[in-house]
K.L.:
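Just passing along the structure, written as C-alpha cells.
Lettering follows sequence order; numbering is per chain, from 1. Atoms considered below: every heavy atom in the structure, side chains included; atoms not considered: hydrogens, waters and symmetry mates.
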There are 2 protein chains.
Amino acid sequence: MTEPAHDAEAVPAPPWERARRRAAPVRVPLTLDRIVDAAYTVLDREGYDRLSMRQVAAELGVAVSALYAHVTSKDELLDRMYARLFDGHGLPDPDPERWREQIKQYARDGRARLRAHRDMARISMARVPMTPELLPHIEQLLAVFRAAGLPDRVAAAAGDMLSTYLDGFAYEESMWEERRREAEVASWPELRAGMVEYFQSLPPDRFPHLRDLAAMMIAENNDSRFELGLDIILRGLASYIPPGHGTGEPGPAERGGDDPGQATG
Amino acid sequence: MTEPAHDAEAVPAPPWERARRRAAPVRVPLTLDRIVDAAYTVLDREGYDRLSMRQVAAELGVAVSALYAHVTSKDELLDRMYARLFDGHGLPDPDPERWREQIKQYARDGRARLRAHRDMARISMARVPMTPELLPHIEQLLAVFRAAGLPDRVAAAAGDMLSTYLDGFAYEESMWEERRREAEVASWPELRAGMVEYFQSLPPDRFPHLRDLAAMMIAENNDSRFELGLDIILRGLASYIPPGHGTGEPGPAERGGDDPGQATG
DNA sequence: TCTACCATTGAACAGTGTTCGTCGAAACGT
DNA sequence: ACGTTTCGACGAACACTGTTCAATGGTAGA
C-alpha cells in the first residue's frame, strides 16, 4: 500500500538539519524487509502465479533490477518469505502428559500461518524445512516426541510426517480455493453443494461408497477434517509408545470412541 | 533434430501406390498421445522447470503452435500426463483380513509410479485428484476402508490422508534429488554423509536430540522411512475400528515385528 | 568542495505461454 | 480427373517472465 511516514520525509531536509550525523534520507531506503513486505502484498492480491519480481518492484515504486541488490534471485526472496512463517512460532517445553495437545496446538498454529497468506502453502511446500533458522523448531519437536516416549526411529520420522501433513493439507486447501475463484463460484458452501450433488448423481451400482460418503469427503468446514487427520497421525504415533508411559497410551485408550471432541476450530 | 524415417517417405508416392485406400501418411500424424510421450521424454531429460511447450514441440520436430490443435493449454497437457499415472493402477477387491497389506501395496505402487518420472510428484501434487477418470480409484479405496470396518467419517478422510502422504513424500524425495543434482554431489549417500556430519557438528547443548537422531532422520534408504510413515497412518486408522472386527484390530495384530512393544487395547 | 562509493536505473537478453493470419496438402464432391 | 473445401501445421508476434550490466545519480567521507 502507501508507505507509512512518507509525507514527513519527502520534503528536502532544511540546512540546519545537516548538523545531525545522519539526516533522514529523502527516499525510504530499500531494505530486504520492505521487499519481503511488498512481496507478501503482491502475493495476497495477485496469487502465487502472478507474483513476479516486476510486480514486487512496482509495488515499491522501484526498478526491477534494484531488487537484485538485496536479493540474489527470486528463489531467495521466496526463501525469505518462507522464513517469516516461523517468526514467533514455537512449542512450549515438552510435557509428556500433554504431548498430543501440544503437537495439535503446534499444527493448528502452523495451518493458521499457512492460511494467513494466499498460496503460502505452495511456497512452503517447495522448500525443504531444514534451513538453519528452523533447526530450533525441529529440535523442540524432537524433544516433545521423545519425552512422550516415542522410540527414536519413530520420533525421527514424526516431524517429517507432521510437516508433510501440514503442508499437504494447506496446499490442497489453497488449490480448492483457487479452483473456486476461477470457477467464479461465490462461496465455498456453494461449490461444495455442487460437488456433492455431482457425486450423488453418479450411477449407484458403480459408485455406492462415493455416493454414501460424498458429503463427508467434502467437509463443510475443513477444520474438523484437519483435526481428524491430525488425530489419525497422533494415534498412529502413540501406538509406538512402549507400555508404561503415563498418558501416551496407544489404542482405544483415547476416550470417546468414534467422534472425539474436536477442539475449537 | 532430424525426423526419423524421413528419407524413405520424402519421395513422392508412385502412381500405382495411389490404388491403396490409405497410403502411409508422409508424416506421422501428431496426436495427443505422441505429445504426451514427448512431454514425458522432455520431463525426464530436463526436469519440470525446463518442461516447456517449445521443448515438447522441438522433441517432436514440430512448431509450438501445432500443439495447441490437440491441447488447449500447457495445463491440460500436464493433466494428460497426470492421467497416465493411473493407467493400470488399482486395488484388488476388498479383503477385510488383509486390508492393511492391500493399502500398503497400493501406496508402494503409487510411490513407484511417481518415482518413475523425474519431478512427477510436482505435477501430481499440483492437481486435485478428483478428475472423472480417478473416481473408480477413489471408490475402491473407500470400499477397502469400509470393508475393514473404519467408521464412515474416518474412511472418508483416509483416502485424502493417503494421497497427501504419497504425494508429499514423493515430492520431498524429488526435491532432495534436485538439490543433490545442483549441489553436484555424485551420490545420495555422499550428500547424506555431509548432512549428518553437519548435524553432528551443532552445539550439543542446544541441539541434543538433533544430534542423536540425525542419522535416523536422514535415512540411508527412503524405503524404510516410507514404510514407517505408512505404518503410522495405518495404525492410526486401525485405531478407529470398533472392537469385534476380525483382523483389523488395532495394535500388534499385524505380524512382522516392527517395533515390538505396543499394547493392544 | 571534491571524490569515491554504491544503490538505483533503464535497456537488453533469452526465455515463457498463447494467439492469429497464412499457407499447403490431403479429402471430398462432382 | 478436376476443382473446392477443410483442417492442421507454420511462423511471426504479443505480453509476459527472471536476470544481467553499463551508466548514473545522490549520499558519505575526506
K.L.:
Nearest whole angstrom, please: distance from the C1' of D/dA9 to the CZ of B/Arg34.
P.N.:
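Whole-Å distance recorded here is 13 Å.
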K.L.:
Would you call the rings of A/Tyr165 and A/Phe226 parallel, tilted or perpendicular, taking 30° and 60° as the class edges?
P.N.:
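Answer is parallel, since the angle falls under 30°.
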K.L.:
Does A/Arg192 reach the main-chain N or O of A/Ala215 with its side chain, forming a donor-acceptor pair under 3.5 Å?
P.N.:
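Present.
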K.L.:
Taking only residues two or more places apart in sequence, or in another chain, which ones meet A/Arg45 in a salt bridge (Lys or Arg N to Asp or Glu O under 4.0 Å)?
P.N.:
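Testing A/Arg45 for salt bridge (Lys or Arg N to Asp or Glu O under 4.0 Å), a comparison that skips the adjacent residues, returns A/Glu59.
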K.L.:
Rounded to the nearest Å, what distance is computed from the CD1 atom of residue B/Ile35 to the P atom of nucleotide D/dG8?
P.N.:
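In whole Å, D/dG8 P lies 12 Å from B/Ile35 CD1.
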K.L.:
Calculate the interatomic distance between B/Asp49 atom CG and C/dA14 atom P; express it in whole Å.
P.N.:
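These atoms are roughly 21 Å apart.
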K.L.:
Summarise protein proximity over nucleotides 13-25 of chain D in one line of letters, 5' to 3': B for base, S for sugar-phosphate only, - for none, counting protein heavy atoms closer than 4.0 Å.
P.N.:
B---BBBBB----
K.L.:
Using the six-membered ring wherever Trp is involved, compare the ring planes of A/His89 and A/Phe86 and label them parallel, tilted or perpendicular (cut-offs 30° and 60°).
P.N.:
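Judged by the thresholds at 30° and 60°, the geometry between A/His89 and A/Phe86 is tilted.
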K.L.:
CG of B/Leu32 versus C1' of D/dG8: gap in Å, rounded?
P.N.:
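The answer, rounded to whole Å, is 15 Å.
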K.L.:
Can A/Arg84 and A/Asp37 be counted as an ion pair, charged N to O under 4.0 angstrom?
P.N.:
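Salt bridge flag = yes for A/Asp37 with A/Arg84.
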K.L.:
In whole Å, I'd like the distance from the CG atom of A/Leu60 to the P atom of C/dA7.
P.N.:
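A/Leu60 atom CG is separated from C/dA7 atom P by 16 Å.
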K.L.:
Going by an N to O cut-off under 4.0 Å, is there a salt bridge joining B/Arg111 and B/Glu173?
P.N.:
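So B/Arg111 pairs with B/Glu173 through a salt bridge.
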